[in-house]
Number of protein chains: 2
Amino acid sequence: MDVSEMYHDEFYSFLTGRVSTAIGRRLQRNFKLIGLNITAEQWSVLYFLWNAEGISQQELARLTFRDKPSISRLISNLEKQKLLVRVNGSGDRRMNQIYLTAQGHRIKDKCMAQAEKTISEAMSGVDTESMRQAQALLEIVFNNLK
Amino acid sequence: MDVSEMYHDEFYSFLTGRVSTAIGRRLQRNFKLIGLNITAEQWSVLYFLWNAEGISQQELARLTFRDKPSISRLISNLEKQKLLVRVNGSGDRRMNQIYLTAQGHRIKDKCMAQAEKTISEAMSGVDTESMRQAQALLEIVFNNLK
DNA sequence: GGCTAAAAGTTGTTGATGCAATTAAAAGAT
DNA sequence: ATCTTTTAATTGCATCAACAACTTTTAGCC
């Protein structure tokens with residue numbers, strides 16, 4: 001599409017990601033609301049670990065669309081909070097395999113409930129079909145840029 | 001809409017803002033490509049100043065959807081780079097009025113060209129009508145959360 | 001006018017990001 | 001078997017964000 005067809009507000013909003021910022025803030029606020037002291041970014045790492053424990057930091061970087069240093073530090077903070085542990089790779093010793101602690105498992109349901117609450121709040125007044133179409137468009141944009 | 005109707009990927013993508021992250025990175029990369037050493041966040045401040053010089057930091061915070069400390073530091077960095085200056089408010093001395101330097105004005109066209117380039121790259125293969133609908137949806141979401 | 005409350009900015013702390021450079025271990029090449 | 005190249009992770013540096021606490025100046029109120 002042609003840029004000249006965009007309004008100023010759309011132009012600005014598109015490039016700065018105001019909506020994503022708002023969603024991220026609300027997510028973190030909803031965690032805090034029930035006494036969960038984790039950040040939205042930490043949640044994004046845990047999200048994949050709840051599904052597939054023992055994966056490497058490299059793999060987490062790929063899944064969460066972050067670079068290796070970011071993951072390294074996110075993992076360090078999560079380790080400090082005793083939500084997961086690094087285990088030195090048995091076969092390949094360059095690699096760390098990441099495992100959740102009991103506490104890391106325990107908070108899953110509460111976290112996911114707040115994540116769903118956040119989506120419900122965000123999606124108020126939005127119909128499913130519009131959402132489908134918007135998601136499809138965002139997928140195209142993502143593939144254009146990644 | 002109901003959360004249970006979302007796919008896993010959509011759910012994750014929505015809450016983490018992968019697309020916005022990708023857009024922000026590309027924008028910054030496109031600035032760097034032509035030798036402009038400004039961040040995407042700095043651009044978002046300049047964007048409003050190119051339109052309305054002399055506004056306060058408070059006003060910039062409102063416009064860019066950031067808090068006052070964030071704006072304070074963004075302004076400090078932009079001042080270090082000699083792109084703008086703080087002028088102590090003539091009427092109300094609590095306030096700073098922000099003015100662009102000659103250099104701040106000079107980079108406008110180059111910055112906006114790269115911003116438009118970024119949108120073109122992102123929007124490849126997207127038709128205007130789909131974009132309109134997606135923007136309308138994001139506007140609803142933003143108003144739900146702001 | 002003088003006291004209190006509100007508003008505009010700043011600073012400190014902690015967590016996150018991007019990029020570049022580095023370390024350690026594995027894989028490939030000859 | 002040794003040397004070189006890749007790969008996984010970490011560290012350093014600069015910037016940005018959220019939250020809380022603080023300073024300075026203005027506004028409100030009696």
Side-chain angles (χ1 to χ4, degrees), chain A residues 16-18 20-33 36-45 54-81 83 86-98, chain B residues 16-18 20-33 36-46 54-81 83 85-98:
Chain A
T16 58
R18 276 192 317 172
S20 292
T21 304
I23 293 169
R25 284 183 196 169
R26 178 62 63 97
L27 179 60
Q28 197 145 341
R29 207 182 82 185
N30 281 337
F31 286 146
K32 196 168 188 179
L33 225 59
L36 278 170
N37 275 324
I38 64 169
T39 66
E41 293 85 357
Q42 290 174 350
W43 172 82
S44 78
V45 171
I55 59 181
S56 69
Q57 297 184 194
Q58 186 81 310
E59 188 63 9
L60 278 170
R62 195 185 61 74
L63 290 168
T64 62
F65 194 55
R66 293 185 161 80
D67 67 356
K68 289 189 291 176
S70 289
I71 287 297
S72 185
R73 281 156 174 143
L74 276 173
I75 296 288
S76 292
N77 281 332
L78 286 164
E79 203 169 22
K80 265 187 228 163
Q81 295 177 246
L83 293 175
R86 285 175 164 99
V87 175
N88 208 266
S90 45
D92 187 336
R93 294 220 320 280
R94 286 173 301 186
M95 180 173 99
N96 291 330
Q97 291 179 288
I98 310 300
Chain B
T16 56
R18 274 193 319 172
S20 293
T21 304
I23 293 168
R25 283 182 200 169
R26 178 62 63 96
L27 178 60
Q28 197 145 338
R29 207 182 81 184
N30 281 337
F31 286 145
K32 197 168 188 180
L33 224 60
L36 278 170
N37 274 324
I38 65 170
T39 65
E41 293 85 357
Q42 290 173 347
W43 172 82
S44 78
V45 170
L46 294 172
I55 60 180
S56 68
Q57 296 185 195
Q58 186 81 313
E59 188 64 8
L60 278 171
R62 196 185 61 74
L63 290 167
T64 62
F65 195 55
R66 293 185 162 81
D67 67 357
K68 289 190 292 176
S70 290
I71 288 296
S72 185
R73 282 158 173 142
L74 276 173
I75 296 288
S76 292
N77 279 332
L78 286 164
E79 203 170 22
K80 264 187 229 161
Q81 294 177 246
L83 293 175
V85 290
R86 286 175 164 100
V87 175
N88 208 264
S90 44
D92 187 336
R93 295 219 320 280
R94 285 173 301 186
M95 179 172 101
N96 291 330
Q97 292 179 287
I98 310 300

Interatomic distance where CZ belongs to R25(A) and C1' belongs to dG15(C) [whole Å]:
15 Å
Below the 4.0 Å mark, does dT17(C) have OP1 or OP2 next to a side-chain nitrogen or oxygen of R73(A)?
no
What string of B, S and - do you get for nucleotides 21-27 of chain C, 5' to 3', when a contact is any protein heavy atom under 4.0 Å?
----BS-
Provide, to the nearest angstrom, the distance between the CG atom belonging to N88(B) and the C1' atom belonging to dA8(C).
11 Å
Please determine whether a side-chain nitrogen or oxygen atom of Q28(B) lies at a distance below 4.0 Å from atom OP1 or OP2 of dC19(C).
no
Would you mind reading off the distance between D67(B) atom CG and dT10(C) atom C1', rounded to a whole angstrom?
12 Å
Could you check whether any side-chain heavy atom of T64(B) comes within less than 4.5 Å of a side-chain heavy atom of T16(A), counting everything from C-beta outward?
no
Which atoms form the tightest heavy-atom contact between L27(A) and A40(A), and what is the distance?
CD2-CB, 4.0 Å
From CD1 of I71(A) over to P of dA16(C), roughly how many Å is that when rounded to an integer?
10 Å
Smallest heavy-atom separation, I38(B) atom then F31(B) atom, equals O-CD1, 3.7 Å
Main-chain N/O of N37(B) paired to Q81(B) side chain as donor or acceptor, under 3.5 Å:
yes
Without decimals, in angstroms, what is the distance between K68(B) NZ and dA7(C) P?
9 Å
Atom CD of Q58(B) and atom P of dA7(C): how far apart are they, to the nearest Å?
9 Å
Side chains of T39(B) and N77(B): does their closest heavy-atom pair fall under 4.5 Å?
no
Between E41(B) and E59(A), which has a closest nucleotide on DNA chain D that is more 5'?
E59(A)
Any S56(B) side-chain N or O less than 4.0 Å from OP1/OP2 of dA8(C):
no
Could you tell me which non-hydrogen atom of E41(B) sits nearest to which non-hydrogen atom of L74(B), and how far apart they are?
CB-CD2, 4.0 Å
Which heavy-atom pair separates G17(A) from S20(B) by the least distance, and what is that distance?
CA-OG, 3.6 Å
N/O donor-acceptor pair under 3.5 Å between S72(A) side chain and K68(A) backbone
no
Backbone N or O of S56(B) within a donor-acceptor pair of the E59(B) side chain at under 3.5 Å?
no
So the stems of DNA chain D, runs of at least three Watson-Crick or G-U pairs (under 3.5 Å), are C:1-30 with D:1-30
Outer limits of DNA chain D sitting under 4.0 Å from a non-hydrogen atom of chain B, read 5' to 3', are dT15(D) to dT26(D)
Ignoring backbone atoms, test whether Q57(B) places a side-chain nitrogen or oxygen under 4.0 Å from the OP1 or OP2 oxygen of dA8(C).
no
5'-most contact on DNA chain D (nearest-nucleotide basis), N96(A) vs K32(A), goes to N96(A)
Ignoring hydrogens and geometry, is there a side-chain-to-backbone donor-acceptor pair from E79(A) to R86(A) under 3.5 Å?
yes
I98(B) vs V87(B), test: side chain to side chain contact (heavy atoms under 4.5 Å, CB included). Steps then yes/no.
CA-CA 6 Å; I98(B) 310 300; V87(B) 175; over 6 Å; no
Is R86(A) touching bases, backbone alone, or none of the nucleic acid, heavy atoms closer than 4.0 Å?
sugar-phosphate
What's the shortest heavy-atom distance between A61(A) and I71(A), and which atoms?
CA-CG1, 3.5 Å
Starting at the 5' end of DNA chain C, which residue's closest nucleotide do you reach first, F65(A) or Q97(B)?
Q97(B)
Separation of dA16(C) P from R66(A) CZ (nearest whole Å):
9 Å
Shortest non-hydrogen contact from Q97(B) toward G89(B)
OE1-CA, 4.0 Å
Atom CH2 of W43(A) and atom C1' of dG15(C): how far apart are they, to the nearest Å?
18 Å
Hey, does N77(A) reach any base, or is it just sugar-phosphate, or nothing, if we go heavy atoms under 4.0 Å?
sugar-phosphate
Walking DNA chain C from its 5' end, the first of T21(B) and K80(A) to be reached, judged by nearest nucleotide, is K80(A)
Just call it for L74(A): base, sugar-phosphate, or nothing, with non-hydrogen atoms closer than 4.0 Å on any strand.
sugar-phosphate
